[in-house]
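Bear in mind the structure is a predicted one, so any value in this text is a computation, not a measurement.
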Amino acid sequence: MIRKAKHKTPRKTKAKVASKTINICHGTSCIEAGSGQLEVAFEAALRHKSLSADVKVRPGRCMGYCHVAPVLTIEPDGVTYGNVKLSDVERIIDKHVIGGKILKDLLVPAEPAYPSLQPLSRAGFFEKQVLIVMRNRGRIDPESIEDYIANDGYQALAKAVSEMEPEQVIDEVKRADLRGRGGAGFPTGLKWEICRRSKTSETKYIVCNADEGDPGAFMDRSLLESDPHAVVEGMILGAYAIGASHGFVYVREEYPIALERIVGAIEAARDYGLLGEGILGSDFSFDISVVRGAGAFVCGEETALMASIEGKDGRPRPRPPFPAERGLWGCPTNINNVETWANVPPIILKGGEWYASIGTAKSKGTKVFSLVGKVKNTGLIEVPMGTTLREIIYDIGGGVLRDRKLKAVQTGGPSGGCIPASLIDLPVDYEELSKAGSIMGSGGLIVMDEDTCMVDVARYFVRFLEEESCGKCTPCREGLTRMRQILDRIVEGKGKKGDIELLEALAKVVKDASLCGLGATAPNPVLSTLKYFRDEYEAHVYRKRCPAKVCKALIVYRVIPEKCTGCQRCVRACPVGAISGPRAQPHNLDQSLCIKCGACYEVCKFDAIAGDAIYVE
Amino acid sequence: MVELVVFVFEQLAKRRQELQEAFQSQGYRVHAAAESADLVSEIQALRPHLVVLDLDLPQDRGLALLKSIHDMMPSLPVVAETTRPTVEGAVEAMRRGAYNYVSKHSPPQVIVDTAAHALEKERLRVEALVKTQERRVRSIDYPEMVAEIEYILANKGHSEAALISCLQDIQKELNYLPQDALKLVAARVGVGLPRVYAIATFYKSFSLRPRGRHLIHVCLGTACHVRGGAKLLESFERELGLQTGGTTYDNRFTLESVRCVGCCGLAPVVMVDGKFYGKVTQEKVPEIIQRYD
């Protein structure tokens, strides 16, 4: 019996390990890529090796390095590993934690000649970034208010409530020259002041717009998921400055984790006396509730958003009256976007002048961008206003995927436009972007390479907006439908002479005559692609060719016999059996069966499949 | 018994107090206000059953207010009172939709008596409405569903602002919004069925038809689009033999597109029952489908 028991006792590891912390990123992409399971696996493995006392496993705030999700850092070594699989857990513990060796194959950025150890801040992806909104990245557990407080959290609130008058808070934000990060860039301090001075009613509300609808932008989701207290603190400060008694956070339903985290953060803040009656012993009272959206893009527009909070169908109404005069239930209401709110605490804590020292003449501070599309390092980045597109795409993003040629960068979501590669040295701020025919928007940067068809992109956005148009005003409802029909025609190779001009004229009418921001900016993707890529439209209409080889009706797929090795991968991938041929011999593609799904093109490792434009004289 | 609400707008503090006590002693709930920048919205939000309105505002603003209340809520009885009652004033007030016209010098009890008849009529109307709604609810013959919905509604408090979130919870429980569920919600919250129907059809996340056991969402955000999201969606359509928005004949899958799930770093993304698949290629589609039965 004794022997048996002895046998069962786990063997203590001989190796003495220095205490370490394994921070596992719990940002959106990492969670979806399995960081939860990874955390459990690490804990189990450490327990098994009796290292639980020395090595801590903690969930961390989003690193923004979504490209190689899931990501983890080992502190205090400052080593970041990406693309970590469950099978790597054992290896990381044995080799790195116990053995002190670095696993080169998991290192990010995964460059072959990666110099030994480098602090996080100097790795290529992170080097040019300046962190204000994402200041807590990788450092705090998003579900722990204690962690947030330990990192200067709620200090700004304490300072404001004890030392500052509400007007002083507004002055500080004005001095920082903070502008709305949701799209239009209206000065935040001024907005607050108008709302504070409004005499419509005593009751005032503030709203956090987290209905992040722009496809390709996910900074709001990430902020709410990985640093919810920064948003809560910003809102409390705003409420104090404006004199609001209640706040609402309007979160998209598609973001379940964000919803859970922000609800948790509000409850924790309430437990700490940071929300509710008499905040921090003062006579200022404020509380926040969370409202779930139900899947309508137009609800990102402020008047539609308010209708939705009131429990109605989210249709915009004409302004004025502006929400600052008449908002929720007829009371003055101040609406800001998630990122704007998260900018407030550092401004109050460090002063407006400090904030205004970063950025360009008219756009201050930093901006968070989601760098996605055809770029090597996709993810969330924060850079000072005025950083050029070249620095963003090549220095931070690592260049275009597969080293293709850059064609354009799409900014501002469906309301924005496409900036051509020729303007790559454009410093990114509100003014420069609008000069180039686009907008800042919420900060989506979608990189497009030569394989992206600009007509197809324009059609994509118009179709998107056509579906999301609420249907209240005619120019938007009918105009977008007609624009989409013209674009459908062009893309299907049925474009007629005069279609491009008609499209342009229609776009201008929709822009001028629509009721709300959705309609007024809806033609931007069409207008900007027409401005910079008119030749592509002309190629589609007059020569019936799609230069990017995207538009199905205008291309045929064929096998390039010289390149084909006869690996049969495409034979298996083809859903209609159009490709045949024996192993190790060039395959044959039957055009009469081909449905042009592109599956063969996708799987071919030897670039032996070509999408050729049909040439019609 | 229905609780009736009286809204008293009176500038003189003493009079306001007296009126409030007089109405309260008769069992009415009273909401008193001395001044308000936006009285009409306030009344609209409160939905009282009777309003006592002080006409003594500068420059005929009292009369203007009376008219705008009547315009917004024509069936709401308004008792107008003034310190200087005149015959012309009375005619003018009645013309603008007042239910009655009284002097402020008359004791509060007189006002209560004047209002009693109008309030009695309101009571009968509300009771009839409640009965109709109850009859409607009884005609629904899925007791479990009714219990479920009643529970959700009770949790949310039967307010209009909570309509959307009630419908979301119901959809989560039942997987779609049956017609009867919409009727029940309308009855309990106290709004018309068209209003509930408007919400259920406006927002994309609601479905009026039953959905399959597994819900496939193919993301069509911009990042997913440029990385081949549309082709992926077509591939799913082909594999499952349906159009986007459709449900397979065996009720196994419903295929929908979604505008952006905010996971652009892993584009193109597919979500099945809330589980994410990142960097999906057409090749992986059959594999994903096979995981669910």
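- Between chain B and the options A:A573, A:G216, A:G379, A:A258, the largest number of non-hydrogen pairs under 4.5 Å is found for A:G216.
- Minimum interatomic distance between B:R259 and A:F297 (heavy atoms only, all atoms of both residues): NH2-N, 3.4 Å.
- Side chain of B:Q168 to backbone of A:G293: a donor-acceptor contact under 3.5 angstrom is found.
- Taking 4.0 Å as the cut-off between side-chain N and carboxylate O, B:K204 and A:E467 count as a salt-bridged pair.
- Counting heavy atoms from C-beta on, the side chains of B:E234 and A:I595 never come closer than 4.5 Å.
- Within the model, atoms CD1 of A:I446 and CZ of B:R227 stand 11.5 Å from one another, a figure rounded to the nearest 0.5 Å.
- The backbone N or O of B:L220 sits less than 3.5 Å from a side-chain atom of A:Y460, completing a donor-acceptor pair.
- Neither the backbone nor the side chain of B:S235 has a heavy atom closer than 4.5 Å to any heavy atom of chain A.
- Scanning both residues, B:G262 and A:Y255, for their nearest heavy atoms gives CA-OH, 3.9 Å.
- In this structure, chain A has no heavy atom under 4.5 Å from any part of B:V191.
- When heavy atoms are compared at a cutoff of 4.5 Å, B:R238 approaches chain A solely by way of its side chain, counted from C-beta outward.
- A:S222 does not touch chain B: none of its heavy atoms, backbone or side chain, sits under 4.5 Å away.
- By number of non-hydrogen pairs under 4.5 angstrom with chain B, the leading residue of A:Q410, A:M448, A:E468 is A:E468.
- Smallest separation of non-hydrogen atoms from A:F218 and B:C264: CD2-SG, 3.5 Å.
- Across every non-hydrogen atom of B:L266 and A:A69, the tightest pair is CD2-CB, 4.3 Å.
- Ranked by heavy-atom pairs under 4.5 Å with chain B, the first of A:S370, A:A294, A:C66, A:C597 is A:A294.
- With a 4.5 Å cut-off on non-hydrogen atoms, B:K275 does not touch chain A at all.
- Of the listed residues (A:K552, A:R292, A:R221, A:R252), the greatest number of heavy-atom pairs within a distance under 4.5 Å of chain B belongs to A:R292.
- When the candidates B:F276, B:F206, B:Y277 are compared by the number of heavy-atom contacts under 4.5 Å with chain A, B:F276 comes out ahead.
- Taking a 6.0 Å sphere around CZ of A:R197, one finds it holds 12 or fewer heavy atoms contributed by other residues, nucleotides or ligands.
- Among B:T201, B:D169, B:V269, the residue making the largest number of heavy-atom pairs under 4.5 Å with chain A is B:D169.
- The greatest number of non-hydrogen atom pairs below 4.5 Å with chain B, out of A:D456, A:D313, A:T378, A:I309, is found for A:D313.
- With respect to chain B, the highest number of heavy-atom pairs below 4.5 Å among A:K199, A:R572, A:E310, A:M219 belongs to A:E310.
- The two residues B:V258 and A:E254 come nearest to each other via the heavy atoms CG2-CG, 4.1 Å.
- When every heavy atom of A:G314 is checked against every heavy atom of B:F202, the shortest pair comes out as O-CZ, 2.9 Å.
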Side chain to side chain donor-acceptor pair (under 3.5 Å) assessment of A:E602 paired with B:T281: CA-CA 8 Å; A:E602 230 173 59; B:T281 55; 4.7 Å; no
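- Neither the backbone nor the side chain of A:V576 comes within contact range of chain B; no heavy atom of the residue lies under 4.5 Å from a heavy atom of that chain.
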